[in-house]
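Worksheet: one structure, shown below.
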Amino acid sequence: AQSVSQHNHHVILSEAASLELGCNYSYGGTVNLFWYVQYPGQHLQLLLKYFSGDPLVKGIKGFEAEFIKSKFSFNLRKPSVQWSDTAEYFCAVSLGGFKTIFGAGTRLFVKA
Amino acid sequence: DAGVIQSPRHEVTEMGQEVTLRCKPISGHDYLFWYRQTMMRGLELLIYFNNNVPIDDSGMPEDRFSAKMPNASFSTLKIQPSEPRDSAVYFCASSPPASAGGLNEQFFGPGTRLTVL
């Protein structure tokens, strides 16, 4: 069955630490890939997306993600996190059948 | 654009009562999604529409839940009768027309926090 896996449910980092959140999907066809962020008490907002072209995409607030097709992965990275990055991060994959599957989310807590 | 609009923002009701949640998608978007979010179950897709037609309602928990989209600018999610386990935040999202690779990004509304006593 098609699925999206986020490797870590909870991540705790200190400010200025580097971040990498894993995301893998199981689907062999063409996909659109997304990372969303949900700040405490707010709705989901798009961080970045990949449809085609350069597999390294840059999003808002210094986030980037790399699509590695051979690994079915779309990991999110940020070189230096801030306290304000504390949020829940969702990876989402839109399949060729026009269905989007969200991962379970990763809660990031950044210590000031 | 005002973004996706949901009402009410908060709803507190008693078990057995009917609850209606409303959503106005972004103009020009032809996909509309209803999600439920809880601590225990995370973000769940309940149903989505394309051009006002329900495409996938496999996430609707049971017959107590129903959703309609009478026109391109309005959708409702109804729970009748409501139960305490329905307490959650319900998000509506809309999306512009799909690309060749699949659906575009979704724009989420602020959500309705439902509490059923």
Write down the atom of B:Gly111, the atom of B:Arg9, and the distance for their closest heavy-atom approach.
O-NE, 3.4 Å

Indicate whether the side chain of B:Ser73 and that of B:Asn71 have a donor and an acceptor atom separated by less than 3.5 Å.
yes

At a heavy-atom separation under 4.5 Å, does A:Leu44 approach chain B through its side chain, its backbone, both, or neither?
both

If one checks every heavy atom of A:Gln45 against chain B at 4.5 Å, the contacting part turns out to be neither

With under 30° as parallel and over 60° as perpendicular, where do the rings of A:Phe74 and A:Phe67 fit, or are they tilted in between?
perpendicular

With a 4.5 angstrom heavy-atom cut-off, which part of B:Phe107 approaches chain A: side chain, backbone, both or neither?
neither

Residue B:Glu44 versus chain A: region with a heavy atom under 4.5 Å
neither

Whether the B:Gln106 and B:Tyr35 side chains hold a donor-acceptor pair (N or O, under 3.5 Å, no angle test) is what I'd like checked.
yes

